[in-house]
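The structure appears below as structure tokens.
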Amino acid sequence: MELQALAFYVFAAITVVSAAMVVGSRNPVYSVLYLILAFFNAAALFLLLGAEFIAMILVIVYVGAVAVLFLFVVMMLDINLTELKQGFLRYLPVGATIGVVLLLEILFALGVLGASKGTVAELAAKGVPVSSVENTRALGRVLYTQYFYLFQAAGLVLLVAMIGAIVLTLRQRPGVRRQNVGDQLYRRRDKAVTVVKVPTRGGVR
Amino acid sequence: MATGIDSWTLARPEIFLAAATCLLLIWGVVRGERSVNLVSGATALALVATAALLFLPFREGTAFASLFVVDRLTATMKALVLVSSAVALLMSRAYFEKVGAWRFEYPILLALAALGMMLMISANDLMSVYVGLELQSLALYVVASFQRDDARSTEAGVKYFVLGSVASGLLLFGASLIYGYCGSTQFARISQALLEGRAAELGVVVGLVFFVTGLAFKVSAVPFHMWTPDVYEGAPTPVTALFAAAPKVAAISLLVSVLMGPFKPLFAQWQQILVAAAVLSMLLGAVAAIRQTNIKRLMAYSSIGNVGYILLGLASGTEKGVQGVVFFLAIYVVMSLGVFAVILTMQRQGKMVEEIADLAGLARTRPMIAFAMLLFMFSLAGIPPLAGFWGKLYIFMAAIEAKLVIPAVLGVLCSVVASYYYLRIVKVMYIDEPGVALDRTPIGVNAIVAGVGAAVVALFSLLPQPLGTAAAAAAKGLFP
């Protein structure tokens, strides 16, 4: 139990610190790297809660795809940091308001503030039925049976997204030299190499 | 609950369409741009074959753990969606070849959009609603900007995407509230929870309002219509023809099955919303179209007005009302595809034109096309004995029977105002002096669609039986 608590504090502390560094660091590439660190630690926190499926999804989707995409964008774009930070004070009140609202919402949901009926705390005290099946298996059981239809339809939605992205962006440019491995392999020596007698001081014509 | 093989047989039209589309996609990718004519022809064939599969043989029931439902209403609406998508696809070729954007992905995306509409129509769970809706919307966003070198087409796609995403967000928020208060996403369970007293909860009503708002965006009912004129004008014309037909059918069908199904206990609440939206849509459709000069924009306002009539029929909440909705939708689809087929034949010196003024003197230069357009315009205005008159008559009768007298009277008045701009087009074609004449294009798919549509509209009164019975059968399923 102590070990788990220790692990929680370590991961939580690193999450909070790296989240602060995402905003605070001067170099946007470092920001994205801190974001990845925050994701990893959040995944570890989910693992401690026993939600291993969300933990793995967080690593695969957010670290593997989203954060890497961010990294590419940040590296590709020419971002001027001083310009980026100029609006900081102007937008601070808006950001702070949203932060406070979110904090209050969490406190209400936990039942720290206001009424205690129907809050997370009440539900936790009642004891939510937790099945002995780990959640990846539980998801798998319904995903391919009860919700098979939705699973397939979601696949079609992704297919449409893929076709759409290709159709709207792929252009066949004329004059682009592409590597054709087949042509390269079937090239014959007598077509590609000629032996020329080079006279002294004459050069190749 | 149907399980195992039953699910597969009930959903066989969807499975067939999905498999056919995937095969054609692979064929297109392997063969490249050469395959485009084959792929589009085969896709149109697959759409029609799917429509045939719906009724050969027809079976009812729920499938896939109650996520999916098939009954008379869904089958009828799906047939309407599939046939109109196929027609819109066949109408597209000439236009896209002209602008140099005829690529094999277009039929594939259209088929996937039609599949999404089928899933939407057949939804029996809030989650299936959302997945189907996203499948059709995503495909339609892409086809709206399919002419990607054209700034207006791209703009239309982006506008449609942004506002469509907002609508999806509203719908999801509403769905989450409904789930939270009713404890399930299944329609049957929601209905049960509402009957057991959950209907009194404010949260359910708020959720329902958001849910209906999301769908009102999709059918472009006032006050959620802002995207419609811009998207209709900017999107390539054949795509606009599709937008005016198939997605409207799907979204209206979804509204019918959701409101008449699980949310029947909240009738008093949603009736107010629908009456307000219906009256506003009819008013705006009648008034705002008067000043339009672009015929695609005019058709956008016309479609907003027609959605108003449909919502009025739905707001009556009776079997007659639903019957009127199905009936009106079928006629509306024929009329709007016909009008767009006429627009697609409008060319001057090899360029597509779409201003109303360009139609001047069409009766002298191309009398057949002008006559077809005249029939469509008279029908849209609701002049007897053309088809559009009967559609409106059904709706207004249902509304009056349901004691919605004032909205019905307003609807009739709007219809009178709207006939001004329909008749103005006729005046431009028949009375105005022709400017530079439009090109005489060879008779193609569009001329044929316009001709067949005009024949259906004109001769409708002589043979009104099959559609009336189909609409009655479709509506009956909702009122056991």
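In this text, all values refer to a predicted model and were calculated from it rather than measured experimentally. Any value given below was found using the heavy atoms of this structure, including those in side chains, with hydrogens, waters and symmetry copies removed.
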query = Should the pair Tyr149(A) and Phe64(B) be assigned to parallel (<30°), tilted (30 to 60°) or perpendicular (>60°) ring geometry?
reply = parallel

key: Part of Leu109(B) within contact of chain A (heavy atom distance under 4.5 Å)   = side chain

note = Closest non-hydrogen atoms of Ala153(A) and Leu119(B), given as atom of the first, atom of the second and distance, are CB-CD1, 3.9 Å

ask   = Do you know the tightest heavy-atom contact between Val131(B) and Val157(A)?
value = O-CG2, 4.0 Å

inquiry  = If you count every heavy atom of other residues, nucleotides or ligands that lies below 6.0 Å from Arg189(B) atom CZ, does the total exceed 12?
reply    = no

inquiry  = Does any part of the side chain of Asp125(B), heavy atoms only, come nearer than 4.5 Å to the side chain of Leu150(A), both counted from C-beta?
reply    = no

query = Got a second to check how far Glu105(B)'s CD is from Leu170(A)'s CG, nearest 0.5 Å?
reply = 8.5 Å

note = Honestly, the part of Ile163(A) sitting under 4.5 Å from a heavy atom of chain B is side chain

query = Based on non-hydrogen pairs under 4.5 Å, which of Leu25(B), Ile108(B), Leu115(B) is most in contact with chain A?
reply = Leu25(B)

key: Test log, rule side-chain contact (heavy atoms from CB on, under 4.5 Å), inputs Leu159(A) and Thr21(B)   = CA-CA 11 Å; Leu159(A) 178 68; Thr21(B) 312; over 6 Å; no

query = What closest approach, in Å, do Leu156(A) and Ala18(B) show between heavy atoms, and which atom pair accounts for it?
reply = CD1-CB, 4.4 Å

task = Flag the pair Asp149(B) / Arg171(A) as yes when at least one side-chain heavy-atom distance between them is below 4.5 Å, and no otherwise.
result = yes

ask   = In terms of heavy-atom proximity below 4.5 Å to chain A, should Leu112(B) be classed as side chain, backbone, both, or neither?
value = side chain

remark   = Whatever's closer than 4.5 Å to a heavy atom in chain B on Leu158(A) counts as neither

request  = For Leu92(A), look at atom CG and say whether over 12 heavy atoms of other residues, nucleotides or ligands are found less than 6.0 Å away.
outcome  = yes

task = Pick one of side chain, backbone, both or neither for Thr169(A), based on which atoms fall under 4.5 Å of a heavy atom in chain B.
result = backbone

Other residues, nucleotides, ligands: >12 heavy atoms within 6.0 Å of Tyr34(A) OH = no

ask   = For Phe96(B), does the CZ atom have more than 12 heavy-atom neighbours from other residues, nucleotides or ligands under 6.0 Å away?
value = yes

message = Is it the case that atom CZ in Phe16(B) sees more than 12 heavy atoms from other parts of the structure closer than 6.0 Å?
response = yes

ask   = How about Tyr95(B): does its OH atom have over 12 heavy atoms from other parts shown lying under 6.0 Å from it?
value = yes

